[in-house]
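To start, the structure under review is shown below, and the notes come after it.
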Amino acid sequence: MQKQYIRMYLNNKILAYVLAAAFLLSAMLMGISIGTVSVPPMTIIKVIAAEVLPFISLENTDTMHSNIIMNIRLPRVLLAGLVGASLAIAGAAFQGLLRNPLADPYTIGVSSGASLGAVLTLFLGLSIPFAGMFTLPLFSILFSFLTIFAVLLFARNIERSMKVETIILTGIIFSSFLGALISLMIALTGEELRQIIGWLLGSVSMRGWAYINIILPFFVIGATLLLVNSKELNAMSFGEEKAHHIGVDVQKRKMMVLIAGSILTGAAVAVSGTIGFVGLVIPHLTRLLWGPDHKHLLPLSILMGAGFLIIADLVSRTIIAPTELPIGVITAIIGAPVFAIILIKRKNKL
């Protein structure tokens, strides 16, 4: 009987990964296929396969389709996927750490801190020697970490028990303040930096392969740090005291999760601007579908978050084509009602 339950559990998780991977692959195919020029799915598969396996011939493939796939749509889709995956796994980790489904990089102010770091870098023309193109994400990560640290410190001074509601409200206060600083810098620079307003609303348009090279190493580092702490997140989701009693080094693990979340959020904001609610909606949906175990919640959130943002980007560039909406507008339209529903449910339980 016990073996039967174990087999059912494994099959359920295998099914979860299959469905999540199928969702991501379908989203990628749609993201590459649909646009002003429609590209057949088989052409997409053939062109990408030829890049990976040089012995595959492209003799019967339209050159225009190849250029559209490799130079425009594939890098855009991959970048959207990496940004969505980064924000989703960071949101899942923050929710587990703070024990609240309302927590995500956007609502607790981390995204605003990362945005301030990016805009300040451009505003002052900052450059780290030998860092080159990594200067922008490094400053975004630094400011995202400083912001989460300041939010937690401020919340602790207000209320010693650090209720999650207090942390969320503190995050909103910091987001508003940092947003005002960003607006001030944009106003002071005149026309030159006003174009960044569109970037701040969130976009993966015309970024190219260079931006994938920027975010990829930070995504690998941040995601790996969170995945190796999945068991500790499970323990801390029941409370820090209980986690401490079963042998978890709470302070060390909490710091690792905060650093990893800041790395992921900072790098995502550096390449795409502020995109809200991905880290709120995706972990919540994944938790409802497949449970709260972070061992599976984190990798499934990566797959679901990547697919979700690819679809959101597809909608943003096709819904009123040829005009493109900022991707952050689409995620906010979806995320704000979800945020309200979660909040109402929590209040009803209390």
Side-chain angles (χ1 to χ4, degrees), residues 87-117 120 140-182 222 225-226 229 232-245 248-266 268-269 274 276-281 283-284 287 292 294 335-336 338-340 342-350:
L87 295 174
I89 189 174
F94 285 143
Q95 288 171 14
L97 183 66
L98 300 174
R99 304 187 301 283
N100 193 299
L102 295 174
D104 89 318
Y106 188 78
T107 57
I108 61 177
V110 182
S111 291
S112 296
S115 296
L116 178 63
L120 195 62
S140 290
I141 289 164
L142 174 63
F143 274 78
S144 63
F145 180 70
L146 290 174
T147 302
I148 187 63
F149 181 77
V151 166
L152 294 174
L153 188 65
F154 191 80
R156 186 177 180 83
N157 286 333
I158 292 174
E159 191 175 38
R160 198 74 180 168
S161 62
M162 286 180 69
K163 287 184 180 177
V164 178
E165 286 78 5
T166 305
I167 294 173
I168 300 291
L169 289 172
T170 305
I172 292 169
I173 292 167
F174 270 77
S175 289
S176 300
F177 177 69
L178 296 175
L181 290 180
I182 292 169
L225 274 174
L226 291 181
N229 282 285
E232 287 75 12
L233 275 169
N234 280 340
M236 287 189 285
S237 65
F238 292 104
E240 292 184 10
E241 278 191 30
K242 289 182 180 178
H244 179 73
H245 287 316
V248 175
D249 188 340
V250 173
Q251 295 306 316
K252 178 184 174 182
R253 297 296 178 172
K254 185 193 292 187
M255 190 59 64
M256 287 179 70
V257 170
L258 292 175
I259 289 172
S262 299
I263 289 171
L264 290 161
T265 305
V269 168
T274 307
F277 296 107
V278 178
L280 174 76
V281 173
H284 185 68
R287 195 179 291 105
H294 287 85
V338 173
F339 182 91
I342 296 171
L343 185 61
I344 291 167
K345 283 185 176 179
R346 280 186 61 82
K347 290 296 180 185
N348 289 338
K349 287 180 181 178
L350 296 176

Worksheet item: Do P105 and F94 touch side chain to side chain, with heavy atoms closer than 4.5 Å?
Response: yes
Discussion item. For a 4.5 angstrom cut-off between non-hydrogen side-chain atoms, does I141 reach L264?
Written reply: no
Response to the item:
Those residues at least two apart in sequence (or on a different chain) that pass salt bridge (charged side-chain N to carboxylate O under 4.0 Å, His left out) with R287 are none
Practice prompt. State the CZ-CG distance between F174 and L146, to the nearest 0.5 angstrom.
Written response: 11.0 Å
Discussion item. Would the distance check show the side chain of S144 and the main-chain N or O of S262 forming a donor-acceptor pair, the cut-off being under 3.5 Å?
Written reply: yes
Response to the item:
The reported gap from CD1 in I89 to CG in L226 (rounded to nearest 0.5 angstrom) is 5.0 Å
Discussion item. Ignoring hydrogens, what is the shortest heavy-atom contact between S140 and G266? Give both atom names and the distance.
Written reply: CB-O, 3.2 Å
Fill in: G279 backbone acceptor or donor facing Q95 side chain under 3.5 Å
yes
Practice prompt. Report the residues that fulfil side chain to side chain contact (heavy atoms under 4.5 Å, CB included) with I173, sequence neighbours left out, ordered by chain and then residue number.
Written response: none
Worksheet item: Are a donor atom and an acceptor atom from the side chains of T265 and S111 found within less than 3.5 Å of each other?
Response: no
Practice prompt. For residues A155 and T170, report the shortest heavy-atom separation together with the two atoms involved.
Written response: CB-OG1, 3.9 Å
Fill in: Exercise: identify the closest heavy-atom pair between A93 and V257
CB-CG1, 4.0 Å
Discussion item. In terms of relative ring orientation, are F277 and Y106 parallel, tilted or perpendicular, with 30° and 60° separating the classes?
Written reply: tilted
Worksheet, complete the sentence: When rounded to the nearest 0.5 Å, the distance separating CG of L98 from CD1 of I148 is 6.5 Å
Worksheet item: Do L152 and L258 touch side chain to side chain, with heavy atoms closer than 4.5 Å?
Response: yes
Discussion item. Rounded at 0.5 Å granularity, tell me how far CG in L97 sits from CZ in R253.
Written reply: 12.5 Å
Discussion item. Tell me if a side-chain donor or acceptor on N234 pairs with a main-chain N or O of H294 at a distance below 3.5 Å.
Written reply: yes
Discussion item. K252: which residues meet the side chain to side chain contact (heavy atoms under 4.5 Å, CB included) condition with it, sequence neighbours left out?
Written reply: D249, M256
Practice prompt. Identify the two heavy atoms, one from I182 and one from S115, that lie closest to each other, and give their separation to 0.1 Å.
Written response: CD1-CB, 3.7 Å
Response to the item:
Heavy atoms of A268 and L87 approach each other most closely as CB-CD2, 4.1 Å
